[in-house]
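One structure is given below, encoded as structure tokens.
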Amino acid sequence: MKRSLLFVSFVWLSGATAGAQEYPNKVITMVVPFTAGGPTDTVARLLGAPMTKALKQQVIVENVGGAGGTIAANRVAKATPDGYMILIHHIGMSTAPALYRKLPYNPMTDFEPIGLINEVPMTIVSRRDFPPKDLKELIAYVKANKDKVTYANAGIGAASHLCGMLFMTSIQTDLTTVPYKGTADVIKDLLGGQVDFSCDQTTNTTSQIKADKIKVYGVTTKTRLASLPNIPTVDEAGIKGFEVAVWHGLYAPKGTPKPVIDTLVKALQVALKDATVKQRFADLGTEPVAENRATPEALRAQLKAEIDKWSPIIKKAGVYAD
Ligand code: ASP
């Protein structure tokens with residue numbers, strides 16, 4: 001009797017240790033809450049390659065667009081907490097609680113944060129033949145034509161929605177918004193002239209701006225960007241104090257074991273030092289965060305601070321979704 005008990009506990013212990021050490025032993029899915037080819041997808045795919053190397057298991061990207069990124073976040077919140085389904089998300093993680101009356105997940109309590117990734121500036125852009133030439137003209141034009149001008153975004157909860165909401169409240173003008181499942185499709189329609197203007201991350205707009213395929217009115221950071229040195233900030237071009245930076249983070253479902261999170265943190269930190277990631281980020285107007293911010297503690301603190309920052313602004317703007 002004694003012997004068999006001992007035997008059982010030995011097997012159980014070695015099984016548990018082996019399980020933890022074996023992670024990861026199959027493909028890991030990184031869920032992107034917007035369509036392929038957009039800014040968040042770009043960051044995910046750039047990280048995916050070096051993370052695959054670091055983890056010795058393939059990290060694949062799955063695009064789950066819709067409802068401003070909340071469909072994907074909800075899916076990962078409800079996924080098995082085993083480290084095989086993780087979420088990359090941006091500032092929308094902190095704006096959704098104020099925007100959605102019935103958000104089916106809690107960003108603070110339904111996830112295990114892994115770490116911050118980067119901060120990405122945004123640009124106010126339009127179709128190439130949109131009449132206004134600079135931000136001051138854009139404001140005047142939009143006010144004068146508010147019934148026909150269209151603003152494209154990636155749904156309530158997307159960064160493009162937040163930026164548009166700030167723009168509209170700054171100039172006290174409500175516009176018709178056209179929601180997409182990601183800004184990859186917004187850019188396509190700006191190129192095709194189906195919509196008038198938008199605000200999107202430099203990770204998605206830089207090459208189109210440089211190729212002169214879309215018009216740009218300003219960058220949303222406090223200072224100009226090294227990657228687009230001739231483009232004024234929105235603040236200097238006409239809307240004082242206008243500032244929005246999109247930060248990305250990596251999350252696992254709540255309850256994911258600590259050793260698994262630790263492995264993912266290490267892989268993220270390795271990926272952020274990868275030469276290709278650094279170079280491509282720089283080309284697109286962003287850079288990896290320092291290693292001490294690619295940690296669960298830093299992401300948790302950032303998420304909390306940003307929820308506290310945006311909730312009153314959104315409530316004042318009176319924007320809601322069900
Ligand atoms: N990040 C989104 C995308 O990848 C766009 C947005 O947030 O506006 O399409």
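What's counted below: heavy atoms across the whole structure, side chains too, no hydrogens, waters or symmetry copies. One-based numbering, in listed order, for ligands and for the atoms of each.
Near H90, the atoms of ligand 1 lying under 4.0 angstrom from a non-hydrogen atom of the residue are 1 (N), 6 (C), 7 (O). The atoms of ligand 1 that sit less than 4.0 Å from any heavy atom of G182 are 9 (O).
Because its NZ or CZ atom is both nearer than 6.0 Å to the ring centre of Y84 and within 45° of the ring axis, K26 counts as a cation-pi partner of that residue.
The shortest N/O to N/O separation between G38 and ligand 1 does not fall below 3.5 Å.
In this structure, a donor-acceptor pair under 3.5 Å is present between the side chains of D189 and Y180. Side-chain polar atoms of T205 and T123 form a donor-acceptor pair below 3.5 angstrom. Checked by atom type, the side-chain pair T35/N63 shows no donor-acceptor distance below 3.5 Å.
Annotation: atom 1 (N) of ligand 1 to nearest protein heavy atom, T40 OG1, 2.7 Å. Nearest protein heavy-atom contact of atom 8 (O) of ligand 1 is S160 OG, 2.5 Å.
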- Query: After noting the C-alpha distance and the side-chain angles of R128 and D212, does the key distance pass the salt bridge (charged side-chain N to carboxylate O under 4.0 Å, His left out) rule?
  - Reply: CA-CA 8 Å; R128 199 167 176 275; D212 201 19; 3.1 Å; yes

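Both I156 and I307 sit in one connected hydrophobic cluster of ILVMFWY residues. Membership requires side-chain heavy atoms under 4.5 Å apart, directly or through other members.
Looking at Q201 against ligand 1, only its side chain comes within 4.0 Å, counting heavy atoms.
By heavy-atom distance, the residue among T183, V32, N153 lying nearest atom 9 (O) of ligand 1 is T183.
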